[in-house]
Structure formats: structure tokens, C-alpha cells
Amino acid sequence: MTTARIVYASMTGNNEEIAGIVEEAFQDLEIDVETTEISQADAADYQKADICVLVTYTYGEGDMPDEAQDFYDDLLEEDLTGKIYGTCGSGDRFYEGHFCATVDDFDKAFAQTGATKGADSVKVDLAAEADDIANLEAFVQKLVTAATN
Ligand code: FMN
């Protein structure tokens with residue numbers, strides 16, 4: 001059975017909600033999925049999954065959330081060759097030039113692990129609305145297709 005692991009960082013709830021939308025989309029496709037908040041997660045947990053997903057906000061001026069830093073450093077040490085990954089998250093377009101910068105940082109980190117990108121990153125402006133939910137569902141569909149073909 002195909003398995004997915006979602007790790008998320010969220011301060012005010014937008015990304016927790018996105019993680020929930022992504023989790024439900026996996027469940028709808030009958031994927032065995034587990035979701036963990038980033039400070040409770042270990043980058044090595046991705047070794048147990050076929051599909052690795054990271055959902056995060058961005059802080060400061062394009063800065064990584066403090067609680068994501070250790071996970072990020074550990075992720076760079078993992079060899080995730082053969083796995084499929086995708087990143088997504090909510091930021092705020094007000095931060096021009098830094099919109100969802102941490103989503104991009106994790107995208108690059110996964111590429112360094114040897115994992116294969118299964119779908120383009122999805123970036124959401126603040127809370128997910130109907131079109132964002134559709135984009136997130138399409139993102140999950142692509143990840144599953146990449147992992148099962
Ligand atoms: N969003 C960005 O896209 N880029 C930023 O550089 C950025 N900096 C922020 C700095 C501060 C002090 C705050 C409060 C928010 C910032 N944001 C930035 C917006 C958050 O990433 C956005 O509100 C996000 O939806 C929060 O997610 P959460 O509800 O899961 O915590």
C-alpha cells in the first residue's frame with residue numbers, strides 16, 4: 001500500500017488547515033497517510049513513506065519558522081532516493097519578493113536528498129479558499145500518480 005507522510009509548521013492555523021486538506025485528499029485516494037507537527041517530527045520519519053510532503057508558513061522577511069530549522073538541517077542529511085516529494089504552504093503576498101520563501105527552501109532541500117519532485121509547489125495566500133483547495137487536491141493527485149506509476 002502506498003504511504004504518505006505530511007509534516008507541517010503552523011503558528012496561527014492556516015498551514016494546519018492546509019495539512020488537513022492535503023491529508024483528506026490522500027485519504028480520498030486510499031493512501032495510508034500520517035500527519036505530524038514539525039516540532040514533533042523527525043526528518044527520518046520520511047524513510048517510512050513513499051510520498052513526503054512538507055507544509056509550512058514563512059516568517060520574518062522570507063525566514064524559516066524557528067521550529068522548522070532543526071528539521072530542515074536534519075532533512076539535508078537524509079537520503080530519500082526513490083521517494084516522491086511535494087511542498088506547499090500559506091504565506092502572505094504582502095511580503096513581496098519573500099512570498100512563501102520557506103516552501104521554496106524545503107523544495108530545494110528535498111531535491112538535495114535525492115527524492116523526486118512529484119508536483120509543483122502550491123502556494124496559498126493566507127487561508128485556503130475554494131480555488132486553493134482545488135489546487136491542493138490536484139497537487140495530491142499528481143504526487144500519488146508519480147508514486148504509483
Ligand atoms: N509570509 C510570507 O509569504 N513571507 C514572509 O516573509 C512572511 N513574513 C511574516 C512575518 C511576520 C512577522 C508574520 C506575522 C507573518 C509573515 N508572513 C510571511 C505571513 C505568514 O506566513 C502567513 O500569515 C501564514 O498564513 C501563517 O501561517 P499559519 O497560520 O499556519 O501560522
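Start at 1 and go down the list; that is how both ligands and their atoms are numbered.
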Exercise. Identify the closest protein heavy atom to atom 26 (C) of ligand 1: which residue and atom is it, and at what distance?
Worked result: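 Answer for atom 26 (C) of ligand 1: Tyr57 CB, 3.7 Å.
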Problem set entry | Side-chain ion pair, Asp120 and Lys142, N-O less than 4.0 Å | no
For ligand 1, which part of [X] has a heavy atom less than 4.0 Å away: the side chain, the backbone, both, or neither?
| X | answer |
| --- | --- |
| Glu61 | backbone |
| Tyr95 | side chain |
| Ser10 | both |

Problem set entry | Atom pair CD (Glu78) and CG (Asp45), whose distance is rounded to the nearest 0.5 Å |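 Rounded to the nearest 0.5 Å, the CD-CG separation comes out at 9.0 Å.
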Problem set entry | Atom pair OH/CG of Tyr57 and Asp63 - distance to nearest 0.5 Å | 10.5 Å
For this session: Using a strict cut-off of 4.0 Å, indicate which atoms of ligand 1 neighbour a heavy atom of Met11.
Result: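 Here the atoms of ligand 1 in question are 28 (P), 30 (O), 31 (O).
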Problem set entry | Candidate with minimal heavy-atom separation from atom 29 (O) of ligand 1, of Thr12, Thr56, Val55, Asp92 | Thr12
For this session: Nearest heavy atom to atom 20 (C) of ligand 1 wins, so pick from Thr58, Asp63, Leu126.
Result: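 Of the listed residues, Thr58 has the closest heavy atom.
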Exercise. Looking at side-chain heavy atoms only, is the closest gap between Asp125 and Asp92 below 4.5 Å?
Worked result: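 Answer yes - side chains close enough.
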Exercise. Can Gly62 be said to touch ligand 1, with heavy atoms closer than 4.0 Å?
Worked result: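 Per 4.0 Å heavy-atom rule, Gly62 contacts ligand 1.
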Exercise. In the single-linkage hydrophobic clustering (I, L, V, M, F, W, Y; side-chain heavy atoms under 4.5 Å), do Tyr46 and Phe139 co-cluster?
Worked result: no
Exercise. So Phe71 and Phe106, would you call those rings parallel, tilted or perpendicular, with 30° and 60° as cut-offs?
Worked result: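 Aromatic pair Phe71/Phe106 classed tilted.
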